[in-house]
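For reference, positions follow the sequence shown, starting with 1.
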Amino acid sequence: KWYQLAADRGKTNVYRIAKKGVTPALNILTVDAKNGVLEAQVTLGKMYGKGQGVAQEYNEALKWFLLASDQGYEQGKASIYKIAKKGVTPALNILTVDAKNGVLEAQVTLGKMYGKGQGVAQEYNEALKWFLLASDQGYEQGKASIYKIAKKGVAAALNILTDDAK
């Protein structure tokens with residue numbers, strides 16, 4: 001009864017209560033998200049990504065962030081890229097497609113992931129590839145990232161460092 005009254009006065013409060021795992025509030029949030037309410041989709045995505053009020057489930061978080069992105073949620077791709085860092089294959093596939101299509105943020109994210117072995121196997125040559133593409137688009141930290149890879153002894157990065165030093 002109280003949850004419905006709160007819902008009638010403003011969904012934000014109900015969504016906040018849902019984050020605590022309160023079933024009636026979570027049910028209202030889920031129904032709203034399924035009905036295309038952007039705020040509800042984003043809230044559920046964050047909850048599943050963090051395991052806040054629900055079991056942590058990255059694929060479920062991805063589902064809600066994708067739906068929110070389709071509605072213009074500006075942080076949607078960034079949220080999907082964060083899930084990719086956890087090694088979630090569908091999110092990694094989206095990130096890779098975006099990087100191949102020239103999305104700067106995706107290229108930088110993949111470069112960092114491969115450089116650190118975060119969500120993917122550590123592969124410096126792959127990191128170098130993405131940082132070079134990002135640098136070509138004006139990524140200011142690109143050269144610094146490439147130089148860090150050179151310090152790992154990667155020949156192609158060492159060549160770039162040597163050429164730049166001339």
Count I, L, V, M, F, W, Y as connected when their side-chain heavy atoms are under 4.5 Å apart, and connections chain through other members. Are [X] and [Y] then in the same cluster?
X	Y	answer
Met47	Leu67	yes
Trp130	Val120	yes
Leu104	Leu110	no

Qualifying residues under side-chain hydrogen bond (donor to acceptor under 3.5 Å, both in side chains), relative to Tyr139, sequence neighbours excluded: none
Residue pairs fulfilling salt bridge (charged side-chain N to carboxylate O under 4.0 Å, His left out) with at least one residue in residues 120-131, sequence neighbours excluded: Glu126-Lys129
All salt bridge (Lys or Arg N to Asp or Glu O under 4.0 Å) counterparts of Lys19, not counting sequence neighbours: none
Could you pull out every donor-acceptor pair under 3.5 Å between side chains of residues 140-158 and any protein atom, sequence neighbours left out?
{"from": "Lys143", "atom 1": "NZ", "to": "Asp164", "atom 2": "OD2", "distance (Å)": "2.9"}
{"from": "Ser145", "atom 1": "OG", "to": "Gln141", "atom 2": "O", "distance (Å)": "3.0"}
{"from": "Tyr147", "atom 1": "OH", "to": "Asp164", "atom 2": "OD2", "distance (Å)": "2.6"}

In a table with atom names and distances, give each donor-acceptor pair under 3.5 Å that connects a side chain of residues 25-35 to protein atoms at least two apart or in another chain.
{"from": "Asn27", "atom 1": "ND2", "to": "Thr23", "atom 2": "O", "distance (Å)": "3.4"}
{"from": "Thr30", "atom 1": "OG1", "to": "Leu26", "atom 2": "O", "distance (Å)": "2.8"}
{"from": "Asp32", "atom 1": "OD1", "to": "Lys11", "atom 2": "NZ", "distance (Å)": "3.3"}
{"from": "Asp32", "atom 1": "OD2", "to": "Lys11", "atom 2": "NZ", "distance (Å)": "3.0"}
{"from": "Asp32", "atom 1": "OD2", "to": "Tyr15", "atom 2": "OH", "distance (Å)": "2.6"}
{"from": "Asn35", "atom 1": "ND2", "to": "Val31", "atom 2": "O", "distance (Å)": "3.2"}

Residue pairs fulfilling side chain to side chain donor-acceptor pair (under 3.5 Å) with at least one residue in residues 105-116, sequence neighbours excluded: Gln107-Gln137
